[in-house]
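This report concerns only the one structure given below.
Quick caveat: nothing in here was measured; it's all calculated off a predicted structure. Start at 1 with the first residue, then count along the sequence.
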Amino acid sequence: MEVPGFTTLLYVMSTLPAQHGITDLPWQNKVLAGLFVIHYTYRAIIFPIIQPSMSPIHVLVWAMAIVFQVSNGSCIGSWLAAYGPTTQEEWKAQNWSVLQFSVGLVLFYVGLAANYFSDEELREIRRGELRRQAKLKQQGKTVDKHYEVPQNGLFRYMLYPHYFMEWVEWLGYWVAAGVACTPARTFLINEFFAMLPRAVSGGKWYKQKFGEDKIKGKYVIIPGIY
């Protein structure tokens with residue numbers, strides 16, 4: 001359901017510049033487009049393939065996600081293709097610097113890497129659960145679903161590091177694009193308010209399921225705060 005996001009961005013960037021008489025885009029625009037595609041290539045293509053199992057999703061949630069992805073890809077793609085800086089002079093005019101861009105790239109890749117490894121920890125738990133269930137079935141025993149609290153990596157300190165690090169990732173994207181990039185800022189805000197309620201609800205579930213002692217010392221999603 002996330003494929004339309006980066007395909008829309010690629011379509012907009014391949015068609016919109018010519019409509020505005022733009023023959024070539026600055027390298028900054030191309031790098032930012034590449035970062036967007038890298039994230040969603042993992043999230044939309046690689047992630048479903050390597051997941052041991054996936055929970056079903058309601059068709060309404062699926063449809064709303066499609067609408068958001070197309071809208072987000074259109075907004076960011078349009079900014080990169082024509083409505084944001086399209087020359088080096090325009091980039092410099094918005095107080096852009098190589099240092100700022102570099103800091104943004106570092107944040108983006110740190111967030112992306114941490115997000116991947118957090119996902120991998122959850123995948124390993126699911127793989128272990130599938131192996132346990134298969135073994136019980138072979139023994140003719142009743143299979144009950146088993147849950148556990150992730151303990152490796154950033155899960156030692158928080159319950160939802162994959163959410164938090166995705167915020168870091170898109171914060172880096174906004175920093176690299178510049179504070180004047182409204183689509184990137186809007187996307188980051190949307191990610192925050194979409195993920196925070198899920199983390200709050202999930203934190204309550206962890207407490208009810210495992211008890212306070214099992215998750216003691218762990219933040220839910222924001223280190224040092226919540």
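Residues Pro85 and Gln28 have side chains not in contact (no heavy-atom distance under 4.5 Å, counting atoms from C-beta outward). Taking 4.5 Å as the limit, some side-chain heavy atom of Trp205 sits within range of a side-chain heavy atom of Phe210. Within the 4.5 Å cutoff, side-chain heavy atoms of Tyr109 are placed close to those of Leu35. For the pair Lys214/Lys207, no side-chain contact is recorded, criterion being any heavy-atom separation below 4.5 Å from C-beta on. Looking at heavy atoms from C-beta onward, Tyr219 lies out of side-chain contact with Ile225 at the 4.5 angstrom threshold. Residues Pro17 and Thr23 form no side-chain contact, since every pair of their non-hydrogen atoms from C-beta on lies 4.5 Å or further apart. Between Arg123 and Ile50 there is a side-chain heavy-atom pair separated by less than 4.5 Å. Counting heavy atoms from C-beta outward, Asn152 and Phe117 have side chains that stay 4.5 Å or more apart.
Under a 4.0 Å N-O distance rule, the pair Glu166/Arg43 qualifies as a salt bridge. A salt bridge links Arg127 to Glu120: one of the charged nitrogens lies within less than 4.0 Å of a carboxylate oxygen. A salt bridge between Lys30 and Asp24 is present, with a side-chain N of the basic residue lying under 4.0 Å from a carboxylate O of the acidic one.
Note on Leu16: it does not cluster hydrophobically with Val37, by side-chain heavy-atom contacts below 4.5 Å among ILVMFWY residues. No path of Ile, Leu, Val, Met, Phe, Trp and Tyr side chains, each step under 4.5 Å between heavy atoms, connects Met64 with Val3, placing them in separate hydrophobic clusters. No chain of hydrophobic side-chain contacts below 4.5 Å, direct or via other Ile, Leu, Val, Met, Phe, Trp or Tyr residues, connects Val12 to Ile22. Side-chain heavy atoms closer than 4.5 Å link hydrophobic residues (I, L, V, M, F, W, Y) into clusters, and following such links, even through other members, never connects Phe6 to Tyr11. A chain of hydrophobic side-chain contacts below 4.5 Å, direct or via other Ile, Leu, Val, Met, Phe, Trp or Tyr residues, connects Met158 to Val220.
Under a cut-off of 6.0 angstrom, the local environment of OH in Tyr206 is crowded, with over 12 non-hydrogen atoms contributed by other residues, nucleotides or ligands. When the shell of 6.0 Å around OH of Tyr157 is examined, it contains 12 or fewer heavy atoms from other residues, nucleotides or ligands. Atom NZ of Lys92 has 12 or fewer neighbouring heavy atoms from other residues, nucleotides or ligands inside a 6.0 Å radius.
Taking all atoms of both residues into account, the shortest heavy-atom contact from Gly203 to Leu159 is CA-CD1, 4.1 Å. Counting all heavy atoms, side chain and backbone alike, Leu107 lies closest to Gly172 at CB-CA, 3.5 Å. Between Gln88 and Pro26, the shortest heavy-atom distance links the atoms NE2-CB, 3.7 Å. The two residues Ala33 and Met13 come nearest to each other via the heavy atoms CB-SD, 3.3 Å. Here the shortest heavy-atom pairing between Pro4 and Val70 reads CB-CG2, 3.8 Å. The minimum heavy-atom distance between Ile221 and Ala199, with the atom names listed, is CD1-CB, 3.6 Å.
Cation-pi geometry between Arg198 and Phe193 is not satisfied (NZ or CZ under 6.0 Å from the ring centre, within 45° of the ring normal).
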| query | Could you walk me through whether Phe108 and Val175 pass the side chain to side chain contact (heavy atoms under 4.5 Å, CB included) check? | reply | CA-CA 9 Å; Phe108 181 89; Val175 169; over 6 Å; no
| task | Could you give me the CA-CA distance, side-chain angles and deciding distance for Phe47 and Thr41, then say whether side chain to side chain contact (heavy atoms under 4.5 Å, CB included) is met? | result | CA-CA 8 Å; Phe47 183 86; Thr41 297; over 6 Å; no
| Derivation and outcome, side chain to side chain contact (heavy atoms under 4.5 Å, CB included), residues Glu169 and Asn115 | CA-CA 9 Å; Glu169 188 180 349; Asn115 202 325; 3.8 Å; yes
| Evaluation steps, side chain to side chain contact (heavy atoms under 4.5 Å, CB included), between Val31 and Leu105 | CA-CA 10 Å; Val31 171; Leu105 286 181; 4.2 Å; yes
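In this structure, Phe101 has its ring center closer than 6.0 angstrom to the ring center of Trp27. For His162 and Phe164, the ring centers are positioned 6.0 Å apart or more. Between Phe192 and Trp170, a ring centre-to-centre spacing not shorter than 6.0 Å is recorded. Between Tyr173 and His39, the gap from one ring centroid to the other reaches at least 6.0 Å. For Tyr40 and Phe36, the ring centers are positioned less than 6.0 Å apart.
Using the six-membered ring where Trp is involved, Phe187 and Phe68 have ring planes that are tilted, between 30° and 60° apart. Using cut-offs of 30° and 60° for the angle between ring planes, the Trp91 and Trp79 rings count as perpendicular.
We find the OG1-CD1 distance between Thr186 and Ile76 to be 9.0 Å, quoted to the nearest 0.5 Å. Rounded to the nearest 0.5 angstrom, Leu171 CG and Met165 CE are separated by 10.5 Å. To the nearest 0.5 Å, the span separating CH2 on Trp96 from SG on Cys181 amounts to 14.0 Å. Residue Asn190 holds its CG atom at 7.5 Å from CG of Asn72, rounded to the nearest 0.5 Å. Atoms CG and CG, on Leu32 and Leu25 in that order, are 11.0 Å from each other to the nearest 0.5 Å. Summarising the geometry, atom OG belonging to Ser78 is positioned 8.0 Å from atom NE2 belonging to His20; distances are rounded to the nearest 0.5 Å.
Put simply, the side chain of Arg185 gets close to the backbone of Val179: a donor and an acceptor are under 3.5 Å apart. Counting only distance, with no hydrogens or angles, the side chain of Lys218 and the backbone of Phe155 share a donor-acceptor pair below 3.5 Å.
For the residue pair Asp119 and Tyr42, a side-chain donor N or O sits within less than 3.5 Å of a side-chain acceptor on the partner. Side chains of Glu121 and Gln151: no donor on one and acceptor on the other come within 3.5 Å. No hydrogens or angles considered: a donor-acceptor pair under 3.5 Å links the side chains of Glu90 and Thr86.
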